[in-house]
Amino acid sequence: MAVIIFLANPLQSAAQANYKILTNPDVAIKVLGSSNVHDWTETATGLESQGEFKFEGGVLRTLRSFSFSVSAKNLKSEHSSMDDRTYKTIKADQFPKIIYKLSSAVVTTVQKNKYTIKATGELTIAGATQTVTLNVTAVVNSDNTITCTGSQKIQLTDYKMEPPSFMLGAMKVKNDLTIQYNLIYKNTQLLTNNN
């Protein structure tokens, strides 16, 4: 009987399972910034990420071994000239990946199937690493996927990048950026079974 219940709803048993990010148009990160001329957005898809989500009695308890990476040149705006400037600023040729690795996480239940995760880890951009704490909202969906959303403010100078200026200094990029993310994860066992 326990086996039948587990097959009907894999999240109901006390199990730690590896989850991998799904590839679809809704799964993306956005980098929002501004200059003295206009606001701008760069969006990246083609993300690589996985982590171990542990459930007990259908409730998310812990997150471990979580990592995330994206190719710096996957960041795209509406203007290729801006993309080229972005790649130069973040040293994309020298440091092709933006990487986050989890050190610790605290999971708090908000309501049924909704959680906040305080995830502390190391974020590496342009070869420079800083410890950041992400405040993630995690929702367990009816198909047992997990959607993680949130945003994080950073400064270019924290990662040894100088805010660039263009057009002989007429346009100056501001130091403050906001990273927004919408990530959807699925149990790798279920991914394998669906292939």
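Values below: all heavy atoms of this structure, side chains included; hydrogens, waters and symmetry mates excluded.
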K.L.:
Over 60° means perpendicular and under 30° means parallel, so classify the ring planes of Tyr19 and Phe53, tilted if in between.
P.N.:
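Because their plane-to-plane angle is over 60°, the rings of Phe53 and Tyr19 count as perpendicular.
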K.L.:
Specify the closest pair of heavy atoms between Thr45 and Val27, including all atoms of both residues, with the distance to one decimal.
P.N.:
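Smallest interatomic distance, heavy atoms only, reads CG2-O, 3.8 Å.
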K.L.:
Less than 4.5 Å apart, any side-chain heavy atom of Thr43 and any of Lys76?
P.N.:
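Thr43 vs Lys76: side chains apart.
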K.L.:
Compare all side-chain heavy atoms of Val31 with those of Thr41 and state whether any distance is below 4.5 angstrom.
P.N.:
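Answer no - side chains too far apart.
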K.L.:
Looking at Leu177 and Leu156, what are the two nearest heavy atoms and their distance?
P.N.:
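Looking at all heavy atoms of both residues, the shortest contact is CD1-CD2, 3.7 Å.
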K.L.:
Could you grab the distance from atom CD1 of Ile184 to atom CG of Asn141, nearest 0.5 Å is fine?
P.N.:
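Going from CD1 on Ile184 over to CG on Asn141, the span is 7.0 Å.
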K.L.:
Do Phe66 and Tyr100 have side chains that get closer than 4.5 Å, going by heavy atoms?
P.N.:
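Yes, at least one pair of side-chain atoms sits under 4.5 Å.
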K.L.:
For Gln50 and Asn18, run side chain to side chain contact (heavy atoms under 4.5 Å, CB included): C-alpha distance rounded to whole Å, both residues' side-chain angles, the deciding distance at 0.1 Å, then the answer.
P.N.:
CA-CA 7 Å; Gln50 60 183 8; Asn18 195 48; 3.4 Å; yes
K.L.:
Which atom names give the shortest non-hydrogen contact between Pro163 and Val173, and what distance separates them?
P.N.:
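For Pro163 versus Val173, the nearest heavy atoms are CB-O, 3.2 Å.
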K.L.:
Are there more than 12 heavy atoms of other residues, nucleotides or ligands under 6.0 Å from atom NZ of Lys30?
P.N.:
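Atom NZ in Lys30 is not crowded, with 12 or fewer foreign heavy atoms closer than 6.0 Å.
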K.L.:
With side-chain hydrogen bond (donor to acceptor under 3.5 Å, both in side chains) as the rule and sequence neighbours excluded, what pairs involving residues 118-127 come up?
P.N.:
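Every side-chain hydrogen bond (donor to acceptor under 3.5 Å, both in side chains) pair that includes a residue of residues 118-127, provided the two are not neighbours, is Thr120-Thr133, Thr124-Thr129.
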K.L.:
Any side-chain heavy-atom pair from Trp40 and Glu42 closer than 4.5 angstrom?
P.N.:
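They are in contact (side-chain heavy atoms under 4.5 Å apart), so the answer is yes.
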K.L.:
In plain terms, say whether Asp93 and Lys73 are close enough for a salt bridge, that is, a side-chain N and a carboxylate O under 4.0 Å apart.
P.N.:
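A salt bridge is present here (some side-chain N lies under 4.0 Å from a carboxylate O).
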K.L.:
Do Gln155 and Asp176 pair up side chain to side chain, a donor and an acceptor below 3.5 Å, judged on atom types alone?
P.N.:
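Yes.
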K.L.:
Report yes or no: do Ser49 and Tyr185 form a side-chain donor-acceptor pair below 3.5 Å?
P.N.:
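Ser49 vs Tyr185: donor-acceptor pair found between side chains.
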K.L.:
For Ala44, is there any backbone N or O sitting under 3.5 Å from a side-chain donor or acceptor partner on Asn74?
P.N.:
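Answer holds: no.
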K.L.:
Can you hop from Ile154 to Val136 via hydrophobic side chains spaced under 4.5 Å?
P.N.:
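Same cluster: Ile154 reaches Val136 through Ile, Leu, Val, Met, Phe, Trp or Tyr contacts under 4.5 Å.
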K.L.:
Any side-chain heavy-atom pair from Thr147 and Thr149 closer than 4.5 angstrom?
P.N.:
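When only atoms from C-beta onward are counted, Thr149 and Thr147 do touch, with a gap below 4.5 Å.
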K.L.:
Got Tyr115 and Thr108 here, is their nearest side-chain heavy-atom distance under 4.5 Å?
P.N.:
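Side-chain contact under 4.5 Å: no.
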K.L.:
Can we say Lys20 and Glu48 salt-bridge, meaning some charged N sits less than 4.0 Å from an Asp/Glu carboxylate O?
P.N.:
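Here Lys20 does not pair with Glu48 in a salt bridge, since their nearest N and O are not under 4.0 Å apart.
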K.L.:
If you count every heavy atom of other residues, nucleotides or ligands that lies below 6.0 Å from Arg61 atom CZ, does the total exceed 12?
P.N.:
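More than 12 heavy atoms, drawn from other residues, nucleotides or ligands, come within 6.0 Å of this atom.
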K.L.:
Verify the neighbour count for atom NE2 of His79: are there more than 12 heavy atoms of other residues, nucleotides or ligands below 6.0 Å?
P.N.:
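For His79, atom NE2 is not crowded (no more than 12 foreign heavy atoms under 6.0 Å).
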K.L.:
Check Thr116, Val59, Leu60 against Val107 for a side-chain contact (heavy atoms from CB on, under 4.5 Å) and give me the one that passes.
P.N.:
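Considering Thr116, Val59, Leu60, a side-chain contact (heavy atoms from CB on, under 4.5 Å) with Val107 is found only for Leu60.
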K.L.:
Measuring only between side-chain heavy atoms, which start at C-beta, is Asp26 closer than 4.5 Å to Asn182?
P.N.:
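Yes, close enough: below the 4.5 Å cut-off.
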K.L.:
Which pair of heavy atoms, one from Leu102 and one from Ala119, lies closest together, and at what distance?
P.N.:
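Result for this residue pair: CD1-CB, 3.7 Å.
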K.L.:
Are more than 12 heavy atoms, taken from residues, nucleotides or ligands other than Glu78, located less than 6.0 Å from that residue's CD atom?
P.N.:
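Atom CD in Glu78 is not crowded, with 12 or fewer foreign heavy atoms closer than 6.0 Å.
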K.L.:
Would you call Glu52 and Lys54 a salt bridge, taking side-chain N to carboxylate O under 4.0 Å as the test?
P.N.:
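Judged by the 4.0 Å cut-off on N to carboxylate O distance, Glu52 and Lys54 do not form a salt bridge.
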K.L.:
Counting C-beta onward and ignoring hydrogens, is there a side-chain heavy-atom pair between Leu123 and Tyr159 closer than 4.5 Å?
P.N.:
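SC-SC contact between Leu123 and Tyr159 confirmed.
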K.L.:
Under the side chain to side chain contact (heavy atoms under 4.5 Å, CB included) criterion, do Phe68 and Leu47 qualify, and how do the steps go?
P.N.:
CA-CA 7 Å; Phe68 169 91; Leu47 316 175; 3.9 Å; yes
K.L.:
Just checking, is any N or O donor in the side chain of Thr157 or Glu162 under 3.5 Å from an acceptor N or O on the other one?
P.N.:
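No donor-acceptor contact under 3.5 Å links the two side chains.
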